[in-house]
Amino acid sequence: MIQRKPLPSVVKFTQLLNAVAKMNHFSSSLHLFKQMCVVGVPVDAYSMNIAIKCCCQMSRTNDGFALLGCCFRQAVVPNVFTFSTLLDGLIREDRIIEAERLFKKLIKQKLCEPDVVMYSTMIKGLCKFGNNDIAIALLRLMDERGCKPNVVVYSTIIDSLCKDKMIEAAFKLFNEMVFAKGIQPDVITYNSLIYGLCNLCRWDKVSKLLKEMEEDVRISPNFQTFSILVDAFCKDGRVDEAEAVIDIMVERGEAPDIVTYNTLIDGYCLRGEMIKARMLFDSLTSKGLIPDVFSYNSLLNGYCKSLKIEEAMHMFHEITRKGLKPDIVSYSTMLQGLFRVGRCGEARKLFDEMRSQGLTPNECTYRIILDGLCNNRQVEDVLSLFHLVGDSKLNSDIQVYNILIDGMSKCGKLFIARDLFQDLTLKGLKPNVRTYNVMISGLCREGMPEEAKHLFRKMGESGCPPDGVTYNVLLQGYFKNQNYDDVEMLLQEMDGRRYSVDASTLSMLIDEMAAGSVDRSMLKLIGKLVPKEMMDTSAVPR
DNA sequence: GTAGGGTTAG
């Protein structure tokens with residue numbers, strides 16, 4: 001094109017730029033734009049906007065602003081498209097303050113009149129930063145200023161409310177859109193609502209909404225809708241329902257991809273249903289799909305959790321045989337599995353292999369190793385690793401302290417656990433509820449229920465109120481230390497906060513009742529603390 | 001005869 005004389009029109013060039021950009025080849029598109037400038041194509045706002053868009057999409061919004069400068073020099077007048085693109089770029093880069101500043105400046109200096117797209121972009125930015133209320137205020141404002149909100153504007157806010165689990169507010173806005181404004185929802189609006197409902201496990205409402213979609217001839221569930229459902233069902237452990245959704249996808253020609261199947265495989269693995277997981281995995285190739293590292297990682301995790309370490313190891317080697325490369329997750333999963341069955345030597349060898357493959361342990365790998373060593377009572381190794389890592393980012397993690405405090409007290413090194421508990425505050429870390437729980441459990445284990453009680457009382461004041469686990473741990477500690485005087489008060493407090501006893505506490509309580517250490521007057525209270533599921537005797541043969 | 005905004009997932 002650039003060799004033709006005369007040069008093709010800027011429109012022809014712009015079509016090319018746009019086509020390349022639409023294929024996500026932003027740097028190529030930008031390169032073409034630069035060449036256009038060099039050969040003297042008279043660039044206009046259209047082509048300029050595509051070039052700016054390319055910069056923004058590559059998270060180089062500053063370069064986009066530089067191009068805006070070029071606009072002014074070449075007497076190309078930026079328009080509402082230009083500014084919307086830049087505004088979107090800032091928001092993509094989480095530069096919300098600058099985005100707000102730009103938006104206000106555009107209005108104040110009348111550089112352009114915001115249209116519905118610009119408002120929706122700004123609203124998206126506000127939502128992204130948790131300002132749903134301000135986003136709604138802007139929705140009202142645009143309406144007042146004579147710019148009619150459309151389905152995109154509403155859907156943006158509805159989606160954000162759904163993500164923040166504010167489902168009632170989302171439906172309020174949805175009803176306003178449909179009934180007060182007469183704006184028809186589309187499949188994206190529905191997908192956001194379905195996602196929100198799934199997240200809250202409101203399955204009855206989900207199916208109601210799906211029916212509503214089916215009845216509306218203009219809208220039908222799409223690939224995304226089904227993906228949301230598969231994912232949500234799996235997360236809630238309802239893997240069979242997820243599989244049914246996949247069957248519907250196949251029927252409807254919305255071919256599930258490898259990611260969809262991986263979700264399902266992972267769902268089975270998390271439930272320990274390894275036979276089903278494996279069958280599904282083995283059936284992938286016949287469906288024309290090739291397992292990726294994620295597929296393997298789910299299986300590794302499943303086999304390791306089911307303590308089928310040989311099978312896990314076999315699949316691990318299979319990754320390389322299939323021409324894939326095990327990633328940090330594959331290695332970390334295998335390490336966890338090996339530690340779990342006490343094969344520390346092999347774990348060490350695998351760790352070295354991992355490093356020789358150029359993989360760097362991440363926070364998760366580090367925690368797995370610390371936890372694994374603790375559980376295998378390798379106290380010296382744990383401590384030397386911890387000190388070796390020193391004051392780095394890896395050790396600025398409350399979870400690391402939780403593992404170590406728990407590990408040390410379980411290995412009979414309560415004094416180390418206590419020191420760690422002291423030290424973490426010095427590092428600017430805040431103990432979370434798990435930190436307190438492991439520390440309280442440790443103190444009870446070593447016969448110090450008074451100190452445990454003291455810590456327990458301190459939790460509320462420290463802005464970290466005890467949870468159900470804390471109560472269970474402390475209750476068990478009181479019995480273990482024959483500290484019967486405090487039991488009743490603790491039980492009453494549990495009842496007041498609607499916490500219940502867990503299975504191990506319950507079995508301990510039963511033993512204590514049999515031994516006569518629980519006063520009969522407490523039986524009613526204890527009864528209230530036993531969750532209904534545990535009372536279910538239908539599974540117990542008579 | 002060309003440009004900008006909203007949904008899922010490891």
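Each chain gets a letter, A, B and so on, in the order its sequence line appears, and its residues count up from 1.
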Determine the sole option in A:Leu264, A:Ile265, A:Leu270 for which the side chain to side chain contact (heavy atoms under 4.5 Å, CB included) test with A:Tyr268 is passed. A:Leu264
When you measure only distances, ignoring hydrogens and angles, does the side chain of A:Asn262 come within 3.5 Å of the base of B:dA9 through a donor and an acceptor? no
Check the side chains of A:Ser392 and A:Asn395 for a donor-acceptor pair under 3.5 angstrom, ignoring hydrogens and angles. no
Would one find a side-chain N or O of A:Lys235 under 4.0 angstrom from OP1 or OP2 of B:dG10? yes
Residue-level proximity of residues 284-295 of chain A to DNA chain B when a heavy atom falls under 4.0 Å: A:Asp292, A:Phe294
Tell me if the side-chain of A:Ser192 makes a donor-acceptor pair with the base of B:dT7, cut-off 3.5 Å, by modelled atom types. no
Counting just side-chain N and O atoms, does A:Lys22 come under 4.0 Å of either OP1 or OP2 of B:dT2? no
With pairs defined as Watson-Crick or G-U wobble and both distances under 3.5 angstrom, please note down DNA chain B as a dot-bracket string, | for pairing with another strand. ..........
A:Ile183 side chain near A:Val178 side chain, heavy-atom distance below 4.5 Å: no
Under 4.0 Å between a side-chain N or O of A:Tyr261 and OP1 or OP2 of B:dG10? no
Under 4.0 Å, counting only non-hydrogen atoms across every strand here, what does A:Thr156 touch: a base, just sugar-phosphate, or nothing? sugar-phosphate
Tell me what A:Ser298 touches on the nucleic acid: a base, only sugar-phosphate, or nothing, going by heavy atoms under 4.0 Å. nothing
Quickly work out the A:Asn49 CG to B:dG5 P distance and round it to whole Å. 11 Å
Scan residues 107-131 of chain A against DNA chain B and write down, sorted by residue number, each residue with any heavy atom closer than 4.0 Å; if none is found, say none. A:Asp115, A:Val116, A:Val117, A:Met118, A:Ser120, A:Thr121, A:Lys124
With the criterion set at under 5.5 Å between ring centres and under 30 degrees between planes, would B:dA3 be stacked on A:Tyr46? no
Please work out if A:Ile228 contacts a base, only the sugar-phosphate, or nothing of the nucleic acid, heavy-atom cut-off 4.0 Å. sugar-phosphate
Could you check if a side-chain atom of A:Ile167 sits within less than 4.5 angstrom of a side-chain atom of A:Phe171, using non-hydrogen atoms only? yes
Below 4.5 Å, heavy atoms only, C-beta onward: do A:Val10 and A:Ser47 meet side chain to side chain? yes
Is a donor from one side chain sitting under 3.5 angstrom from an acceptor on the other, for A:Ser84 and A:Thr121? no
If only atom types and distance count, is the side chain of A:Ser332 paired as donor or acceptor with the main-chain N or O of A:Val329 below 3.5 Å? no
Just checking A:Val329: base, sugar-phosphate only, or nothing, at a heavy-atom cut-off of under 4.0 Å? nothing
Pick base, sugar-phosphate or nothing for A:Val80, based on heavy-atom distances below 4.0 Å to the nucleic acid. base
Do A:Asn297 and B:dG10 have a side chain to base donor-acceptor pair shorter than 3.5 Å? no
Distance-only side-chain donor-acceptor flag, A:Asn432 / A:Thr435, under 3.5 Å: yes
Tell me yes or no: between the side chains of A:Thr263 and A:Asp231, is some donor less than 3.5 Å from an acceptor? no
What about A:Asp186: does its side chain form a donor-acceptor pair under 3.5 Å with the base of B:dG6? yes
Under the 3.5 angstrom rule, does the side chain of A:Asp247 hit a backbone N or O of A:Val250 as a donor-acceptor pair? no
Quick one: which of B:dG4, B:dG10, B:dG5 gets closest to the side chain of A:Val153? B:dG5
Just to verify, which of A:Phe281, A:Tyr303, A:Tyr331 counts as forming a ring-ring contact (aromatic ring centres under 6.0 Å, His included) with A:Tyr296? A:Phe281
